[in-house]
Amino acid sequence: MKKEFKMYEVEEFTSLRQAVKRHAGHHGDRPAFKFREKKEIKTVTYLEFYNDSLYLGNALLKRGFIDRHVACIGENCYKWLVVHSTMMNSNGVYVPLDRQLPKQDIVTVLNHSDSEVLFFTKKYIKILDEIKPELPNIKMFVCLDAEGEEGKHLSFDDLMAEGKALVDSGFNEYEKIEGDTDALRLLVYTSGTTGMAKGVMLSERNVMTCINTGLRLTRLYDRAISLLPYHHTYEGIGLIAELACGVTVFINDSMKNILKNFEEFKPETAFLVPAHLEAFYKRIQKAIGKKKPLIDGMIALSNGLRKCGIDLRRKMFGMILKPFGGELRKVISGGAPIRPEIADFFEAIGVTVVNGYGITECSPLVAITREGYDDCYTAGVPIGSVKIKIKDPDENGIGEVCVKGTSVMLGYYKNQEATDRVMEDGWFNTEDLGMIDEKGRLKITGRSKNLIVLRNGKNIFPEEIENYILSLPYVAEAAVTAWHDESGEESGLCAHIYLDPQSEMAQDTDREAKIRDDISSAMKELPIYKQVSRINIRKEEFIKTTTNKIKRNEIEK
């Protein structure tokens, strides 16, 4: 029988600056970040990180930009995090941009956000040369990883040198800034899967109350690996939480090096999206191969021992965990639903999977599972800074999930109409569909925009069907849509599938009938109206957001 859950004690901070300054003062030699630079591992301590923010902050202040809107676009890197930290501790507004934005969308977002400074990586030099005439509001361009060019852009290193010279001379006005914690500080343009992005306005209070209350429900260990794009709120706020806890963060340099970096850095914690866990799970299953009956037997034995208070998972499954550094203890999964059987497998071999549900408009965390108490069949319980209600529930208790609380956004930037559409008496309508179970846990059943209503009146959540299809070992990606009859009615379900190119099924010329049989077998417990009647085997991966969510509006194109 599970014990009553006890929340963790948290040292609460009202700002990122307060947290980093505390760590810099009490144990400044503790590594804040590690990253690979020119094939060498570089370490930045908390004191060095804090000082770097002072240098950049004073340079921007002296040039008159610290209270303006400052944007950043590019690959994950330490310098991006210096910009992030500096602006979060300012009285200005930080605008992180999705690095996969098309050229014209970059123009649209920069202009709409009223950004006056743009930090960027050298990958964007050519693009910016082309679109500069369309960016009249940008007064200063700063390249993070290349030398400055007269009349074009400054070098980040030169700007940092300016700031250091100011601080060394006794000028440190930046540190005296006390920003309004309820004012707009972070402006995030959502990378939606079905439409054009909107600018979500978040305050420092939004962000810090989300972090403080979230950490009462789960703990972070001393070493973490950073994988997701920094413009995304899930990763960006996760990094602030890690810094608040004094964690050492390893910055992953590229997706192809994920396992290499896991093995080298040996993280204890990782913030991931379900697509990562799905890939890891299938990789493990492929490596296990014919030993699966043996591993299943060991898992059954281990689970039995755990009921008696004996936990030998780290010893019994050490070889399985070795490719992930051997010390991974917790994965925090967010951004999309996770297949519960995958979470159960990782739990069984010694890695706790915490399932979080959130949305950018809520800073972003709304609910989270409590380790040792909840499982990943739900999204867990609401964090302390929010309340949840279900709007217009049906006979099964399923309706639109609405959230109210301190971490709910200020609104959409320069878009009152869109704000009014989702806000009502302080309640934000996520437009996700879900229910609250008897233990007060939130269960997400799908996205209201994705809901398929067949002509017989049956409602279908495509995410449910997709999970069954993804259980097939050779399926890398899947999405379910409706197919329409001659009258335009939604008459049945079509499964769009991208096969693992390394699988035998991908090479099989007579595969369609086999795939149909496998899908039918996987879904045999579902009622007839939920069965897939058509399949479409794709030659290419789906078009996705930077957090691996499939862009559903692109599927049929």
Side-chain angles (χ1 to χ4, degrees), residues 193-194 274-275 277-290 292-293 296 336-342 344-345 377 445-447 449-544 548-557:
T193 59
T194 57
L277 275 175
E278 186 87 40
F280 293 164
Y281 173 76
K282 289 185 176 180
R283 183 186 181 94
I284 290 171
Q285 294 300 317
K286 187 175 181 179
I288 289 172
K290 295 180 180 179
K292 189 176 187 307
D296 288 345
I338 183 175
R339 286 203 288 132
E341 59 267 33
I342 293 181
D344 289 345
F345 173 79
Y377 289 79
T445 54
R447 185 83 173 143
K449 291 180 180 178
N450 300 340
L451 184 67
I452 298 171
V453 182
L454 299 180
R455 65 178 177 183
N456 60 9
K458 297 292 186 181
N459 291 348
I460 295 173
F461 303 109
E463 296 88 348
E464 177 192 9
I465 313 300
E466 289 157 9
N467 277 339
Y468 283 93
I469 298 170
L470 285 168
S471 69
L472 301 175
Y474 52 78
V475 175
E477 299 173 358
V480 170
T481 63
W483 61 267
H484 301 79
D485 62 18
E486 294 178 356
S487 65
E489 298 258 12
E490 296 185 341
S491 299
L493 301 180
C494 177
H496 305 265
I497 299 168
Y498 175 67
L499 302 176
D500 178 353
Q502 304 302 318
S503 67
E504 292 182 6
M505 189 65 77
Q507 317 305 324
D508 192 337
T509 55
D510 187 30
R511 61 194 177 198
E512 187 165 334
K514 296 176 184 177
I515 293 173
R516 284 182 181 278
D517 289 344
D518 287 349
I519 290 176
S520 295
S521 178
M523 298 171 57
K524 62 184 178 182
E525 297 178 359
L526 296 180
I528 188 67
Y529 71 87
K530 289 186 178 181
Q531 299 294 327
V532 169
S533 54
R534 297 184 179 184
I535 66 170
N536 169 35
I537 302 173
R538 296 172 59 93
K539 294 180 180 179
E540 298 178 347
E541 296 182 28
F542 291 91
I543 298 173
K544 296 182 286 293
N548 272 324
K549 289 182 182 177
I550 293 172
K551 291 190 174 183
R552 293 181 181 270
N553 60 329
E554 298 286 341
I555 292 174
E556 298 197 8
K557 292 181 184 178

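We're numbering straight along the sequence, starting at 1.
Counting only residues at least two apart or in different chains, salt bridge (charged side-chain N to carboxylate O under 4.0 Å, His left out) contacts with residues 460-482 comprise Glu464-Lys530, Glu466-Arg552, Glu477-Lys544.
A salt bridge links Lys292 with Asp296: the distance from a Lys NZ or Arg NE/NH1/NH2 to an Asp or Glu carboxylate oxygen falls below 4.0 Å. Under 4.0 Å is where a charged nitrogen must lie from a carboxylate oxygen, and between Asp508 and Lys514 at least one such pair does.
In this structure the side chain of Ile537 reaches within 4.5 angstrom of the side chain of Ile515, judged on heavy atoms. Looking at Ile497 and Arg538, their side chains never come closer than 4.5 Å, going by heavy atoms from C-beta outward. Taking 4.5 Å as the limit, every side-chain heavy atom of Arg511 sits out of range of all side-chain heavy atoms of Tyr474. Using a 4.5 Å heavy-atom cutoff, the side chains of Ile550 and Ile543 are not in contact. Using a 4.5 Å cut-off on side-chain heavy atoms (C-beta onward), Asp344 and Tyr377 make contact. Annotation: side chain of Ser471 is in contact with side chain of Arg339 (closest heavy-atom distance under 4.5 Å).
In this structure, CD1 in Ile535 is found 10.0 Å from CG in Asp518, a value given to the nearest 0.5 Å. Here the straight-line distance linking atom CG of Leu493 with atom CD1 of Ile519 works out to 11.0 Å at 0.5 Å rounding. Taking CD1 of Ile528 as the reference point, atom CE of Met523 lies at 9.5 Å (rounded to 0.5 Å). If you take CZ on Arg534 and CH2 on Trp483, they are separated by 4.5 Å, rounding to the nearest 0.5 Å.
Here the closest non-hydrogen pair linking Phe345 and Ile288 is CZ-CD1, 4.4 Å. Nearest heavy-atom pair, Gln531 versus Leu526, reported as atom, atom and distance to 0.1 Å: NE2-O, 3.0 Å. The shortest heavy-atom contact between Pro274 and Pro337 is CG-O, 3.3 Å. Closest approach of Ala506 to Leu499, counting heavy atoms only: CA-CD1, 4.0 Å. Between Ile469 and Val480, the shortest heavy-atom contact is CD1-CG2, 3.9 Å. Gly446 and Phe461 get closest at one heavy-atom pair: CA-CD2, 4.1 Å.
Evaluation of the salt bridge (Lys or Arg N to Asp or Glu O under 4.0 Å) rule for Arg516 yields Glu512 as partners, not counting sequence neighbours. In this structure Tyr498 satisfies the ring pair (Phe, Tyr, Trp, His ring centres under 6.0 Å) test with no other residue, sequence neighbours excluded.
In this structure, Glu504 places its CD atom where only 12 or fewer heavy-atom neighbours from other residues, nucleotides or ligands lie under 6.0 Å away.
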(request) Could you check Ile460 against Leu451 for side-chain contact (heavy atoms from CB on, under 4.5 Å), going step by step and ending with a plain yes or no? (result) CA-CA 6 Å; Ile460 295 173; Leu451 184 67; 5.9 Å; no
(request) For side-chain contact (heavy atoms from CB on, under 4.5 Å), just list the numbers for Cys494 and Asn536, CA-CA rounded to whole Å, side-chain angles, deciding distance to a tenth of an Å, and then say yes or no. (result) CA-CA 7 Å; Cys494 177; Asn536 169 35; 4.3 Å; yes
(message) With side-chain contact (heavy atoms from CB on, under 4.5 Å) as the criterion, how do Ile555 and Phe542 come out once you've worked through the C-alpha distance, each side chain's angles and the decisive distance to 0.1 Å?
(response) CA-CA 7 Å; Ile555 292 174; Phe542 291 91; 4.1 Å; yes
(request) Go through the steps to decide whether Ile342 and Glu278 satisfy the test side-chain contact (heavy atoms from CB on, under 4.5 Å), and finish with yes or no. (result) CA-CA 7 Å; Ile342 293 181; Glu278 186 87 40; 3.3 Å; yes
